Amino acid sequence: MPHWALLGFLLLLPLLTVAELGLQANRTFEIDYEGDRFLKDGKPFRYISGSIHYSRIPRFYWKDRLLKMRMAGLNAIQTYVPWNFHEPLPGLYQFSGDQDLEYFLQLAHEIGLLVILRPGPYICAEWDMGGLPAWLLEKKSIVLRSSDLDYLAAVEKWLGILLPKVQPYLYQNGGPIITVQVENEYGSYFSCDYNYLRFLLNLFRQHLGKDVVLFSTDGASEEYLKCGALQGIYATVDFGTGRNVTEAFLTQRMAEPKGPLINSEFYTGWLDHWGEAHQTISTEKVVEFLIDILSRGANVDMYMFIGGTNFGYWNGANTPYAPQPTSYDYDAPLSEAGDLTEKYFAVREVIGKFEKLPEGPIPPSTPKFAYGKVAMKQVNTVEETLDILCPAGPINSTYPLTFVEVKQYFGFVLYRTTLPKNCSEPVGLSSFNGVHDRAYVSVNGVPQGILERNKVFSINITGKAGDTLDVLVENMGRINYGDEINDFKGLLSNLTLGSVILKDWLIFPLDMEGALQHYLSSSAACSENPSSSTLPSFYVGHFSIPSGIPDLPQDTYIQFSSWTKGQVWINGFNLGRYWPARGPQVTLYVPRHILVTSAPNNITVLELEKSPCSFQEKCFVEMVDKPVLDGPLFSSKKKVVSSS
Ligand SMILES: *[C@@H]1O[C@H](CO)[C@@H](O)[C@H](O)[C@H]1NC(C)=O
Ligand SMILES: *[C@@H]1O[C@H](CO)[C@@H](O)[C@H](O)[C@H]1NC(C)=O
Ligand SMILES: *[C@@H]1O[C@H](CO)[C@@H](O)[C@H](O)[C@H]1NC(C)=O
Ligand SMILES: *[C@@H]1O[C@H](CO)[C@@H](O)[C@H](O)[C@H]1NC(C)=O
Ligand SMILES: *[C@@H]1O[C@H](CO)[C@@H](O)[C@H](O)[C@H]1NC(C)=O
Ligand SMILES: *[C@@H]1O[C@H](CO)[C@@H](O)[C@H](O)[C@H]1NC(C)=O
Ligand SMILES: *[C@@H]1O[C@H](CO)[C@@H](O)[C@H](O)[C@H]1NC(C)=O
């Protein structure tokens, strides 16, 4: 409550409608090639920006985070528009609630922040498939990010929806958007298709007009700029503290001999992967390089200024296949939860040496509350819940189909068949590395092991002819960078049992969110006889916000001691994946707006491997007040088994 009152106090401008924006005085934003700088309303201008992805922060907290960015002395923010966040199915557009891009732009404008918009269509961003919708893969042979006609048609349709929405928010039209990026690091992609870039350039001009400054961003090397830069699109570079600043800007000068120097992504931290050490960059390094960049009169965007969270299933992955965890904290100046860090104050001090800092208080970090342990109870296994998870029933197919082929884009699909022969001695079940990305295998309800992309290609199973073989396949996030972004999910190859190709599959696309709404959060669902704690299963627990303590509910972190790997929802909000058995992330951020005081809060957990719950033992999750993002690492214990 108190910090919200503070926000209202600082927001002096009333909300302007788009029409009112348009009536404001003459506004121009342009490149001054001779002066190697921007001109804003005819006057020299340099931006000091920070990246914030509205898709990684609940709308509830947009204002708080933007205000903290403004109070750090930033005069601009940079954000991506993830296409798949707004068009989950072809022709289904979502622009409200947490997807209300226009409201986000308006907030930035009110707070006095200009906007550098990066509408893609490809964005990378450690976001599922680099922001491209998975349904594009319905054309199996599609060449993404190229002049592939079906790709271009989808892009044209999407940008025909998106760009007219942002057009009124251009600086020239009275809004905050000063520059718009075309594509993203295109020079590091294999296709090097100038016709594709030209197509985008024409589309952007058609929808946004001739005045807006369009730009490209590429890694600061000649090789990247070769395919990433195009005449008519101002070329910028990105680099972090590992780079020689003089040399990095010299590469930009190869593409743009004149005009403003711009580092479009100056890395304040770095991204994580499951199973790899938590990444950080020291405040000293960030300060040293920021001073260097700003001293040259260059423009800079700090990537990230606040990273936020990969809620739900939104994380991407790198190659060789390595998915990113739920937290996108990034060791940025504002933490995942929007907290002020030492890095924040150090960066603010640097900015203060170059620009006048805004007057007024900095909104404080939001308080966190340790609600404590919450007892969890097993409800049902996934297998027992199939009629609710897949009300339309399974798809019958001789050979396995991919997620896209059954029109399921995220989450889980269960593949079921029967054993064609007796396996009283262990027999190898092999995937030829066709499991994307992880498969939980059971025979007649007895867990047999886990197949994992690039890690475990084969396991031994036992059972009798006619037994039910269930293979629950998890999509752990699509590759977001490089040549393998056509990242199909599910079973991409046949499974073989010994030398026999398994056939006649029943394929169950699982609707987790639908089931949650209808059934799983209610305790009525609890099964009389809890099943194995080693089969993929749902668990529920409830906790109430204590009364008599002021200002609750507050943010918290949920921790899964002795749990293994899974997905968690609170009151139906998908908080993301937990995997303390792999690390380094241990706790998940829980923003307070999803909590209620009027009723018990419901936690639903889908544990995929092994829970600490059993008949004898009570099991818990715990709500703590501190994040743990650099916990211990555990690599996959199983050795890679060659499939040949
Ligand atoms: C805005 O700028 C244009 C071009 O510089 C000029 O023609 C026009 O008169 C200006 N309008 C206002 C309201 O200042
Ligand atoms: C960066 O590169 C320039 C030009 O190659 C060189 O003169 C300078 O010493 C380098 N700076 C650092 C810190 O290595
Ligand atoms: C699946 O389809 C095959 C061939 O059409 C048929 O023989 C089989 O009975 C079907 N199985 C189920 C469970 O529908
Ligand atoms: C499997 O083993 C059972 C006995 O355990 C036997 O009755 C059955 O005929 C065997 N089936 C096959 C296909 O070998
Ligand atoms: C499967 O069993 C065979 C024979 O029992 C053994 O040689 C092989 O190592 C086992 N493979 C795995 C992946 O456990
Ligand atoms: C599975 O095997 C069948 C029969 O050999 C083959 O036609 C099919 O292409 C295979 N499917 C995949 C995905 O490899
Ligand atoms: C949680 O579930 C209980 C039923 O078990 C229900 O009464 C309550 O309203 C739910 N809470 C929320 C926030 O949905």
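Here the structure is a predicted model, which is why all the values come from computation and not from measurement.
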Report yes if some heavy atom in the side chain of [X] is under 4.5 Å from a heavy atom in the side chain of [Y]; otherwise report no.
{"X": "Y344", "Y": "S335", "answer": "no"}
{"X": "Y539", "Y": "E607", "answer": "yes"}
{"X": "R118", "Y": "N184", "answer": "yes"}
{"X": "I570", "Y": "N602", "answer": "no"}
{"X": "Q559", "Y": "L588", "answer": "no"}
{"X": "E183", "Y": "I123", "answer": "no"}
{"X": "W83", "Y": "L136", "answer": "yes"}
{"X": "I178", "Y": "F38", "answer": "no"}

Where do [X] and [Y] come nearest, in terms of heavy atoms and distance?
{"X": "A76", "Y": "I116", "result": "CB-CD1, 4.3 Å"}
{"X": "S544", "Y": "P600", "result": "OG-CA, 3.9 Å"}
{"X": "P333", "Y": "M304", "result": "CD-O, 3.4 Å"}
{"X": "M476", "Y": "P323", "result": "O-CB, 3.6 Å"}
{"X": "A125", "Y": "Y303", "result": "CA-OH, 3.8 Å"}
{"X": "I233", "Y": "S216", "result": "CG2-N, 3.4 Å"}

Donor-acceptor pair, side chain of [X] and main chain of [Y], under 3.5 angstrom:
{"X": "H109", "Y": "Y169", "result": "no"}
{"X": "R205", "Y": "K210", "result": "yes"}
{"X": "D625", "Y": "F369", "result": "no"}
{"X": "N571", "Y": "I594", "result": "yes"}
{"X": "N475", "Y": "Y409", "result": "yes"}
{"X": "H86", "Y": "Q94", "result": "yes"}
{"X": "Q167", "Y": "L162", "result": "no"}
{"X": "T556", "Y": "V590", "result": "no"}
{"X": "E336", "Y": "G307", "result": "no"}
{"X": "N75", "Y": "I48", "result": "yes"}

Would T179 and L214 satisfy side-chain contact (heavy atoms from CB on, under 4.5 Å), going step by step from the backbone distance to the final call?
CA-CA 6 Å; T179 62; L214 299 178; over 6 Å; no
Please state whether the rings of [X] and [Y] are parallel, tilted or perpendicular, taking 30° and 60° as the class boundaries.
{"X": "F538", "Y": "W569", "answer": "tilted"}
{"X": "W270", "Y": "Y330", "answer": "tilted"}
{"X": "Y589", "Y": "Y557", "answer": "tilted"}

If we check ring-ring contact (aromatic ring centres under 6.0 Å, His included) with F85, which of these qualifies: F95, W127, F410?
W127
As a quick check of understanding, evaluate salt bridge (Lys or Arg N to Asp or Glu O under 4.0 Å) for D98 and R59, giving each step before the final call.
CA-CA 5 Å; D98 287 346; R59 171 197 182 107; over 6 Å; no
S51 and D301: side chain donor to acceptor below 3.5 Å
yes
Under a plain distance cut-off of 3.5 Å, with no hydrogens placed, do N601 and H542 share a side-chain donor-acceptor pair?
no
Derivation and outcome, side-chain contact (heavy atoms from CB on, under 4.5 Å), residues F204 and V180:
CA-CA 9 Å; F204 277 60; V180 177; 3.6 Å; yes
Count the heavy atoms belonging to other residues, nucleotides or ligands that lie under 6.0 Å from NZ of K407, then report whether that count exceeds 12.
no
Are more than 12 heavy atoms from other residues, nucleotides or ligands located less than 6.0 Å from atom CG of L89?
yes
Given Y171, which of D211, D41, T28 fulfils the side-chain hydrogen bond (donor to acceptor under 3.5 Å, both in side chains) condition?
D41
Option from E126, R577, Q324 for which side-chain hydrogen bond (donor to acceptor under 3.5 Å, both in side chains) with N315 holds:
R577
Is the distance between the ring centroids of F45 and F29 under 6.0 Å?
yes
Using the benzene-type ring in the case of Trp, are the ring centres of Y196 and Y186 under 6.0 Å apart?
yes
Atom [atom1] in [X], atom [atom2] in [Y]: separation rounded to 0.5 Å?
{"X": "I77", "Y": "R65", "atom1": "CD1", "atom2": "CZ", "value": "13.5 Å"}
{"X": "Q78", "Y": "S49", "atom1": "CD", "atom2": "OG", "value": "5.0 Å"}
{"X": "L163", "Y": "L208", "atom1": "CG", "atom2": "CG", "value": "5.0 Å"}
{"X": "I142", "Y": "D148", "atom1": "CD1", "atom2": "CG", "value": "4.5 Å"}
{"X": "F403", "Y": "D487", "atom1": "CZ", "atom2": "CG", "value": "11.0 Å"}
{"X": "L606", "Y": "Y578", "atom1": "CG", "atom2": "OH", "value": "7.0 Å"}

Audit row: S147, F199, side-chain contact (heavy atoms from CB on, under 4.5 Å) steps and yes/no:
CA-CA 8 Å; S147 298; F199 173 86; 6.0 Å; no
Step-by-step side-chain contact (heavy atoms from CB on, under 4.5 Å) determination, M69 to L334:
CA-CA 8 Å; M69 293 176 82; L334 289 169; 4.0 Å; yes
May I have the step-by-step check of salt bridge (Lys or Arg N to Asp or Glu O under 4.0 Å) for K140 and E405, ending in yes or no?
CA-CA 10 Å; K140 226 172 175 172; E405 284 168 326; 3.7 Å; yes
Would you call K489 and E474 a salt bridge, using N to O less than 4.0 angstrom?
no
Before you tell me yes or no, could you show the steps for F104 and Y54 under ring-ring contact (aromatic ring centres under 6.0 Å, His included), namely the whole-Å CA-CA distance, both residues' side-chain angles and the distance that decides it to 0.1 Å?
CA-CA 7 Å; F104 181 79; Y54 62 93; 5.4 Å; yes
